Amino acid sequence: MARFAVALLVVAVIAAVVFGLALMVRASRTRRGPAPDDPREILRRRYAAGEIDEDEYLRRMSGLSQDW
């Protein structure tokens, strides 16, 4: 009976470790933010870098948000 309890404990610890790793992987994937090739992200970077002014940024962002 004691061997069964030890085996059950080992299985529970392994399952907890696997579950914890799965949660960490999922959390790291959700924190990445928008894809670097997303048009809105490209516009944000160009505006932040000073490549385009605010009017151009807003005009282009408005065009991207329209449903064609």
Side-chain angles (χ1 to χ4, degrees):
M1 189 68 171
R3 288 184 185 178
F4 178 72
V6 170
L8 189 61
L9 179 64
V10 169
V11 170
V13 168
I14 291 172
V17 169
V18 170
F19 182 72
L21 288 174
L23 285 177
M24 287 173 38
V25 168
R26 175 182 271 182
S28 70
R29 286 184 183 166
T30 58
R31 282 188 252 147
R32 287 188 183 156
D37 60 344
D38 177 42
R40 288 176 180 85
E41 183 60 26
I42 293 170
L43 271 178
R44 286 184 192 105
R45 285 196 310 259
R46 290 187 65 199
Y47 178 63
E51 295 177 19
I52 58 175
D53 63 5
E54 183 178 8
D55 291 334
E56 181 73 10
Y57 171 77
L58 293 173
R59 184 179 68 77
R60 290 183 181 216
M61 198 59 100
S62 173
L64 286 174
S65 60
Q66 291 179 356
D67 292 328
W68 297 95

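Here the structure is a predicted model, which is why all the values come from computation and not from measurement.
Separating the CD1 atom in I42 from the CZ atom in R60 is a distance of 11.0 Å, to the nearest 0.5 Å. For the atom pair R46 CZ and D53 CG, the distance stands at 10.5 Å (nearest 0.5 Å). The CG atom of L64 sits 6.5 Å away from atom CE of M61, with the distance rounded to the nearest 0.5 Å. Taking CZ of R44 as the reference point, atom CD1 of I52 lies at 11.5 Å (rounded to 0.5 Å).
The stretch residues 37-62 participates, sequence neighbours left out, in these ring-ring contact (aromatic ring centres under 6.0 Å, His included) pairs: Y47-Y57.
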